[in-house]
Amino acid sequence: MRTYWHNRIARSSVTLPVAAVITTLLWWLPQGGYSLPYLLGWVVCAVGMFFIIEMAAQNALIRVRSRMVSSLFLLLMAACGFMHELCTGLLLQFALVVSLFSLLRTCEKARPELDTFHAYLCLSLGSLLWPPLLLLAIVLLMAQAFFLRSLTLRSFGAFLLGLLTPYVFWSSALFMFGDINTFVAHVRGIIAPVLALVGQVQHEIELAQTFDWPSWTSIQGERLAGYASYVLLNRRAELAALVLVVLVGSTGSLFYVSHSYDDKIRVRMCHYSFIFVLACLALWLVLQPWMFSRLFPLLLLTAVPPCAAWAVFSRSWFARFWFIVLIICWLCVAAMALTPSAVVLQIQEALQGLHM
C-alpha cells in the first residue's frame with residue numbers, strides 16, 4: 001500500500017519527540033521566562049499526554065505503529081496559548097482524559113464495573129471544579145450503552161457510585177463545618193445550563209408567538225451581530241483556535257465514518273465514542289458559547305483521535321492538500337495566540353501609521 005509524505009510524518013516515531021519539543025518551547029517562549037502557573041499547566045498537559053499514549057495503545061486506535069494521537073494533541077495545545085497557564089479548563093480536560101481512558105477499557109470486557117466506577121469518579125471529581133461537567137456523564141453513559149456496549153445493571157450501579165462518591169464525602173465535610181449552602185449552590189450550578197437553555201427557548205417561543213416576524217428577526221440579528229463583533233474584537237485567538245479544532249474534528253470524523261470498516265469492531269466503537277462526545281460538545285458550545293473557556297479544551301481533546309487516523313491512513317490528493325491547509329491554519333492560530341500583546345499593539349500602531 002502506497003504511503004505519501006503526510007502519512008510518513010504521521011507514522012514516524014520522531015513525530016512525538018518533535019511535537020513535545022515544539023510544545024515545550026511554545027509553552028514558555030512567548031512569556032519570556034518560566035512561571036509557576038505555566039509550569040503547572042505544562043505538567044498537567046504532559047501527564048494527560050501519557051494517558052493519551054496509553055489509551056491509544058491499549059485500544060489500538062491506530063492500527064499501525066504511530067504516535068499521531070498524542071502528537072496532534074500536543075501540537076494543538078501548543079498553538080492555544082490562552083490554555084498554557086493552569087486554569088479550570090485545563091483541569092477539566094485532564095479529568096475527561098482519565099475518564100475516557102477508563103471508559104474505553106470497558107469495551108468487550110466481561111466485568112466492566114471497576115473501570116466504569118473509575119471513569120465516572122474522575123468525571124465527578126472534575127465537576128467539583130465546574131458543576132456543569134457532570135452533565136457530560138449522560139453523554140458518556142450513552143456512548144457506553146450504544147457504542148462500547150458495556151452498560152449492564154452492575155455497571156450502571158458503578159456509574160451511580162462513581163458519580164456520588166466525591167459528593168458524599170464533600171457534602172459530609174461541608175455539613176460538619178455547617179456550610180451546607182455551598183453544596184446546595186453547587187448542585188444548582190449543575191443544572192444551571194439546562195435551566196438557562198429552557199428559559200431561552202421559552203422566551204424565543206413567546207416572541208415567535210406574537211407573529212411580529214420583523215421585530216423577532218431584528219432582535220436575533222442584533223444579538224448575533226453584537227456577539228460576533230465582541231468576539232472579533234476581543235477573542236480573535238480563541239475564535240481562530242475554535243475554527244482550527246472544528247476543521248480538525250470534522251475532517252477526522254467524516255473520514256473515519258466513511259472508512260471505519262477497515263478497523264476491528266472494538267476500535268470502531270472507541271472512535272465512534274469520541275465522535276459522539278465531540279458532536280455533543282460542539283452542540284453544547286453552539287447553544288451556550290459563553291462557556292467557551294470550559295468546553296473548548298474538552299472539544300480539542302475529542303477532536304484528536306479521528307483526525308489522527310485521517311492523517312495516518314488518508315491517501316488522496318485532496319488529503320495532501322488539506323494537510324497543508326491545516327498546517328497553515330495551525331501556524332496562524334499559533335501566531336495569533338502566542339504573540340505577546342505588546343507586540344500586537346506595536347504592529348497595529350505601525351499599520352495605522354502606514355495608512356495615515
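Just so it is clear, the structure is predicted and the values come from calculations on it, not from any experiment.
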Using every non-hydrogen atom in the two residues, find where [X] and [Y] come nearest and quote the distance to one decimal.
X	Y	value
Leu244	Cys329	CD1-CB, 3.8 Å
Cys122	Ala95	O-CB, 3.8 Å
Ala19	Ser71	CB-O, 3.9 Å
Ser260	Tyr272	OG-OH, 2.6 Å
Ala319	His6	CB-NE2, 4.2 Å

Is [Y] reachable from [X] through a run of I, L, V, M, F, W or Y residues, each pair having side-chain heavy atoms under 4.5 Å apart?
X	Y	answer
Val286	Trp284	no
Phe169	Leu121	no
Phe323	Tyr4	no
Leu114	Leu164	no
Val194	Trp290	yes

Kindly check if the number of other-residue, nucleotide or ligand heavy atoms within 6.0 Å of [atom1] ([X]) is above 12?
X	atom1	result
Trp42	CH2	no
Arg154	CZ	no
Trp317	CH2	no
Ile265	CD1	no
Arg8	CZ	yes

With the side chain counted from C-beta on, respond yes when [X] and [Y] share a heavy-atom pair under 4.5 Å apart, and no when they do not.
X	Y	answer
Thr15	Arg67	no
Phe73	Thr23	no
Val248	Trp330	no
Phe147	Val277	no
Leu103	Tyr120	yes
Ser293	Thr88	no
Ile62	Met68	no
Val64	Arg11	yes

Within the distance-only criterion (no hydrogens, no angle test), does the side chain of [X] pair as donor or acceptor with the backbone N or O of [Y] below 3.5 angstrom?
X	Y	value
Arg236	Met336	no
Ser127	Ser124	yes
Ser102	Ser99	no
Ser253	Ile275	no

Quick check for you: to the nearest 0.5 Å, what is the distance between [X] atom [atom1] and [Y] atom [atom2]?
X	Y	atom1	atom2	value
Leu91	Leu125	CG	CG	11.5 Å
Gln144	Phe156	CD	CZ	10.5 Å
Leu140	Leu104	CG	CG	9.5 Å
Leu278	Ser273	CG	OG	12.0 Å

Under the side chain to side chain contact (heavy atoms under 4.5 Å, CB included) criterion, do Glu238 and Phe296 qualify, and how do the steps go? CA-CA 9 Å; Glu238 288 88 339; Phe296 176 77; over 6 Å; no
Go through it in stages, so that I can follow the logic: the residues are Gln288 and Leu295, the test is side chain to side chain contact (heavy atoms under 4.5 Å, CB included), and I'd like the CA-CA distance, side-chain angles, deciding distance and then a yes or no. CA-CA 10 Å; Gln288 297 177 332; Leu295 296 177; 5.7 Å; no
Phe101 and His118 aromatic centres sub-6.0 Å: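 No: the rings miss the under 6.0 Å criterion.
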Could you go through Leu151 and Phe146, starting from their C-alpha distance and side-chain angles, then the distance that decides it, and tell me whether this counts as side chain to side chain contact (heavy atoms under 4.5 Å, CB included)? CA-CA 9 Å; Leu151 184 60; Phe146 298 139; over 6 Å; no
Assess, by modelled atom type and distance only, whether the side chains of Ser150 and Thr106 contain a donor and an acceptor separated by less than 3.5 Å.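 Ser150 vs Thr106: donor-acceptor pair found between side chains.
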Indicate whether the side chain of His259 and that of Ser314 have a donor and an acceptor atom separated by less than 3.5 Å.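 Short answer, no.
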Once the angle between the rings of Tyr167 and Trp170 is folded into 0 to 90°, is it parallel (under 30°), tilted (30 to 60°) or perpendicular (over 60°)?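 Perpendicular: the ring planes of Tyr167 and Trp170 meet at over 60°.
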Atom pairs and distances, side-chain donor-acceptor, residues 74-87, under 3.5 Å, sequence neighbours left out:
residue : atom : partner : partner atom : Å
His84   : NE2  : Met77   : O            : 2.8
His84   : NE2  : Ala78   : O            : 3.2
His84   : NE2  : Cys80   : O            : 3.4

Pairs involving residues 115-139, ordered by first then second residue, that meet salt bridge (charged side-chain N to carboxylate O under 4.0 Å, His left out) (sequence neighbours left out):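 Sorted result for residues 115-139: Arg105-Asp115, Lys109-Asp115.
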Tell me which donor-acceptor pairs under 3.5 Å the side chains of residues 301-313 have, and how far apart each pair is, sequence neighbours excluded?
residue : atom : partner : partner atom : Å
Thr302  : OG1  : Leu298  : O            : 3.2
Thr302  : OG1  : Leu299  : O            : 3.2

Decide side chain to side chain contact (heavy atoms under 4.5 Å, CB included) for Leu16 and Met49; before the verdict, give the C-alpha distance in whole Å, the side-chain angles of both, and the deciding distance to 0.1 Å. CA-CA 10 Å; Leu16 180 58; Met49 178 203 66; 4.2 Å; yes
